[in-house]
Amino acid sequence: AEIHAAGWVHGDLAPKHVFLTRGRSGRETVKLIDFGAAAPIEERSDGKLSPANDVFALGAMLARALVGSAQPSRDDLPQSALGELLARTL
């Protein structure tokens with residue numbers, strides 16, 4: 001969210017660009033790296049890259065982490081309220 005608030009889109013959000021670090025306080029923080037595909041939001045008025053791309057990529061990463069598959073089937077989903085919600089979207 002901070003990158004979007006600063007007027008930028010990452011453009012290549014993938015697990016290899018997301019790291020957990022621990023700060024001086026001991027608190028875990030998520031860090032993004034590799035901003036080679038990043039672009040200012042206002043320069044991408046062609047609609048090919050927007051904050052929505054980053055949000056979608058984050059959702060895909062979280063879904064894969066939850067079910068262990070990039071293309072989950074209904075059988076792959078956990079038996080939980082979140083699993084039921086995901087099942088309705090397939």
Side-chain angles (χ1 to χ4, degrees):
E2 289 182 28
I3 185 174
H4 300 152
W8 288 82
V9 177
H10 187 276
D12 190 20
L13 203 54
K16 64 183 178 182
H17 299 143
V18 180
F19 287 84
L20 286 178
T21 63
R22 194 172 302 276
R24 291 184 193 140
S25 68
R27 183 176 173 205
E28 286 186 340
T29 304
V30 175
K31 297 284 184 177
L32 295 178
I33 64 167
D34 192 357
F35 285 81
I41 292 172
E42 65 274 1
E43 288 184 13
R44 298 306 304 245
S45 61
D46 56 9
K48 293 182 181 176
L49 187 63
S50 76
N53 297 87
D54 289 345
V55 173
F56 181 86
L58 175 62
M61 283 191 301
L62 293 174
R64 185 172 186 163
L66 178 67
V67 298
S69 172
Q71 299 274 328
S73 70
R74 289 179 183 271
D75 296 333
D76 294 328
L77 299 174
Q79 299 300 314
S80 65
L82 182 57
E84 288 297 316
L85 177 65
L86 288 172
R88 287 186 227 152
T89 65
L90 293 177

Neighbour count >12 (heavy atoms, 6.0 Å) for atom CZ, Phe35: yes

Contact check, side chains of Pro51 and Ile41, non-hydrogen atoms, under 4.5 Å: yes

Smallest separation among heavy atoms of Trp8 and Ala39, with atom names: CE3-C, 3.3 Å

Under 3.5 Å donor-acceptor, Asp54 side chain and His10 backbone: yes

Heavy-atom side-chain proximity of Ile3 to Val9 below 4.5 angstrom: no

Spatial distance of atom CE (Met61) from atom CG (Leu13) [nearest 0.5 Å]: 4.0 Å

OG1-CD1 distance between Thr21 and Ile33, expressed to the nearest 0.5 angstrom: 11.5 Å

Value rounded to 0.5 Å, distance of CG in Asp12 from CG in Leu49: 10.0 Å

Same apolar cluster (I L V M F W Y, side chains within < 4.5 Å links), Val18/Leu58: yes

Side chain proximity check, Val30 to Leu20, heavy atoms < 4.5 angstrom: yes

Test side-chain hydrogen bond (donor to acceptor under 3.5 Å, both in side chains) applied to Asp34 and His17, step by step: CA-CA 6 Å; Asp34 192 357; His17 299 143; 3.0 Å; yes

